[in-house]
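In what follows, a structure is listed as structure tokens, so that the remarks can point back to it.
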Amino acid sequence: MKLNCGKHTLDLSRPVVMGILNATPDSFSDGGSYYAGGALNLDLVLRRAEQMLREGAAIIDVGGESTRPGAAPVSEQEELDRVVPVVEAISANLGAVISVDTSTAAVITASAAAGAGLINDVRALERPGALDAAAGTDLPVCLMHMQGQPGSMQQAPHYDDVVAEVGAYLRERMRTCEEAGINRARLIFDPGFGFGKTDEHNLALLRHMAQLAPADIPLLAGLSRKSMIGRLLQREVDERLPGSLALAMLAAQRGARILRVHDVAATVDVLKMQQLVDNPNQ
Ligand SMILES: Nc1nc2[nH]c(SCCc3ccc(S(N)(=O)=O)cc3)nc2c(=O)[nH]1
């Protein structure tokens with residue numbers, strides 16, 4: 001299973017790690033690490049990206065809009081100002097697949113032109129213009145399920161059958177993408193852990209993740225340091241590494257091919273062990 005990510009090819013024959021690089025001043029976990037005195041510090045950004053690549057990340061995920069629960073919307077210009085310089089800097093200085101975590105058409109287009117290799121949209125290209133912008137880039141697209149919007153999605157999540165409904169949504173978005181000229185070979189599915197889900201919903205989606213995508217569509221899982229770990233284990237954000245690693249391994253065993261994480265080196269080690277035990281001949 002290979003993905004053409006602009007000038008890079010991503011081999012997904014075994015699970016890979018996507019390192020999180022929050023280009024937002026209020027990120028939920030490594031809050032605003034790259035803003036000194038209000039301005040984005042590209043030196044700090046490059047150092048963090050370099051460290052994640054050294055630790056074994058196959059992808060660097062750059063986001064300019066905080067989409068954690070309760071997050072306020074960000075203007076298109078603000079998102080462009082945060083994301084494009086980071087994509088340009090990493091693309092110019094480091095050879096890596098850069099995914100851009102955005103739902104905004106202008107950011108998709110500008111990031112692709114700046115060297116991004118993957119579009120990671122938590123709104124599955126539903127925003128106006130996003131579908132056509134993505135179609136125009138030839139890049140792979142991660143389609144993620146979210147119920148509601150970040151400002152209110154965690155107030156009262158409800159499903160009759162969360163696995164069936166999330167699976168049906170992703171397949172419907174795939175059909176829409178194919179009609180817009182985005183070949184299914186470019187698509188990645190993601191259940192959207194924590195995006196309009198209770199802990200029970202998240203656990204059911206993890207248990208049955210393999211059902212969500214056809215065999216030829218890779219799955220992405222973003223569980224790292226999320227609040228379900230905090231509630232189920234009674235752990236603060238900076239104490240969630242064991243829970244995050246356990247969920248990364250469990251997701252990989254249930255078919256996830258891309259793990260979106262904060263702690264790259266630890267997750268790379270866990271996935272290596274998982275592969276040695278579960279797929280000895282690979
Ligand atoms: N494809 C993909 N992209 C992602 N981008 C993000 S940003 C995290 C936003 C957040 C933080 C915390 C909670 S919570 N309430 O569960 O702790 C929810 C959402 N996540 C994902 C994810 O999963 N996939």
Side-chain angles (χ1 to χ4, degrees), residues 3 16-24 26-31 59-74 79 82-83 97-104 107-108 116 118-126 130 134 139-157 162 166 169-170 173 187-203 205-206 209 212-213 217-240 243-244 247-248 251 256-262 267:
L3 275 182
V16 300
V17 170
M18 171 189 271
I20 298 169
L21 202 155
N22 274 311
T24 67
D26 63 347
S27 35
F28 98 98
S29 158
D30 44 2
I59 308 165
I60 304 289
D61 191 45
V62 178
E65 174 203 5
S66 176
T67 52
R68 61 175 166 69
V74 65
E79 197 179 350
R82 290 174 181 175
V83 170
V97 175
I98 306 164
S99 67
V100 59
D101 193 336
T102 186
S103 304
T104 310
V107 178
I108 290 170
L118 197 156
I119 296 158
N120 175 22
D121 186 1
V122 299
R123 296 179 180 84
L125 300 178
E126 296 234 31
L139 295 180
V141 182
C142 179
L143 303 171
M144 195 198 81
H145 174 273
M146 177 190 320
Q147 186 179 74
Q149 287 299 320
S152 58
M153 64 188 177
Q154 287 304 111
Q155 282 163 6
V162 64
V166 169
Y169 172 81
L170 293 170
R173 293 309 296 163
L187 297 178
I188 301 163
F189 280 9
D190 181 338
F193 292 107
F195 287 91
K197 280 94 176 178
T198 64
D199 295 346
E200 266 320 299
H201 294 143
N202 288 321
L203 292 171
L205 285 165
L206 182 51
M209 198 168 49
L212 296 173
I217 305 280
L219 278 160
L220 190 155
L223 291 147
S224 181
R225 301 186 188 173
K226 287 192 172 172
S227 61
M228 69 180 273
I229 299 167
R231 283 187 296 274
L232 295 172
L233 299 180
Q234 295 302 302
R235 293 281 184 261
E236 295 305 318
V237 172
D238 58 0
E239 302 168 320
R240 293 178 188 170
S244 300
L247 292 181
R257 290 297 172 95
I258 301 172
L259 286 305
R260 182 180 180 278
V261 305
H262 301 85
T267 308

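All figures in this text were calculated on a predicted structure; none of them were measured in a lab. One-based numbering, in listed order, for ligands and for the atoms of each. Just so you know, these numbers use all the heavy atoms, side chains as well, and skip hydrogens, waters and symmetry mates. Residues: numbered from 1 along the sequence shown.
- Distance check: Ile98 CD1 to Leu21 CG gives 10.0 Å after rounding to the nearest 0.5 Å.
- Rounding to the nearest 0.5 Å gives a distance of 4.0 Å between CG of Asp199 and CZ of Arg231.
- At least one heavy atom of Pro69 sits less than 4.0 Å from an atom of ligand 1.
- When the heavy atoms of Gly63, Pro150, Gly194 are ranked by distance to atom 16 (O) of ligand 1, first place goes to Gly194.
- At a heavy-atom cutoff of 4.0 Å, ligand 1 is contacted by both the backbone and the side chain of Ser227.
- In the vicinity of Asn120, heavy-atom distances shorter than 4.0 Å reach the ligand 1 atoms 1 (N), 2 (C), 3 (N).
- Applying side chain to side chain contact (heavy atoms under 4.5 Å, CB included) to Pro191 and the options Leu212, Leu223, Asn202 leaves one that passes, Leu212.
- A search for side chain to side chain donor-acceptor pair (under 3.5 Å) contacts involving Glu126 returns Tyr169, not counting sequence neighbours.
- Take Ser103 and apply the side chain to side chain donor-acceptor pair (under 3.5 Å) test, not counting sequence neighbours, and it matches Asp121, Arg123.
- Shown are Leu139, Val16, Ile59; of these, the side chain to side chain contact (heavy atoms under 4.5 Å, CB included) with Val97 is made only by Ile59.
- Which parts of ligand 1 touch Asp190 is read off a 4.0 Å heavy-atom cut-off, strictly below it: atoms 1 (N), 2 (C), 22 (C), 24 (N).
- Considering each of Thr67, Ile20, Leu220, Leu223, the one bringing a non-hydrogen atom nearest atom 9 (C) of ligand 1 is Thr67.
- Residue contacts with ligand 1, taken as heavy atom pairs separated by less than 4.0 Å, do not involve Asp61 at all.
- Looking at Arg231, Met228, Lys197, Lys226 and measuring to atom 23 (O) of ligand 1, the nearest heavy atom belongs to Lys226.
- Scanning Arg225, Met144, Arg68 for the heavy atom closest to atom 10 (C) of ligand 1 points to Arg68.
- Counting heavy atoms closer than 4.0 Å to ligand 1, residue Val122 contributes side-chain atoms (C-beta onward) but none from N, CA, C or O.
- Between Val83 and Thr102 the shortest side-chain heavy-atom distance does not fall below 4.5 Å.
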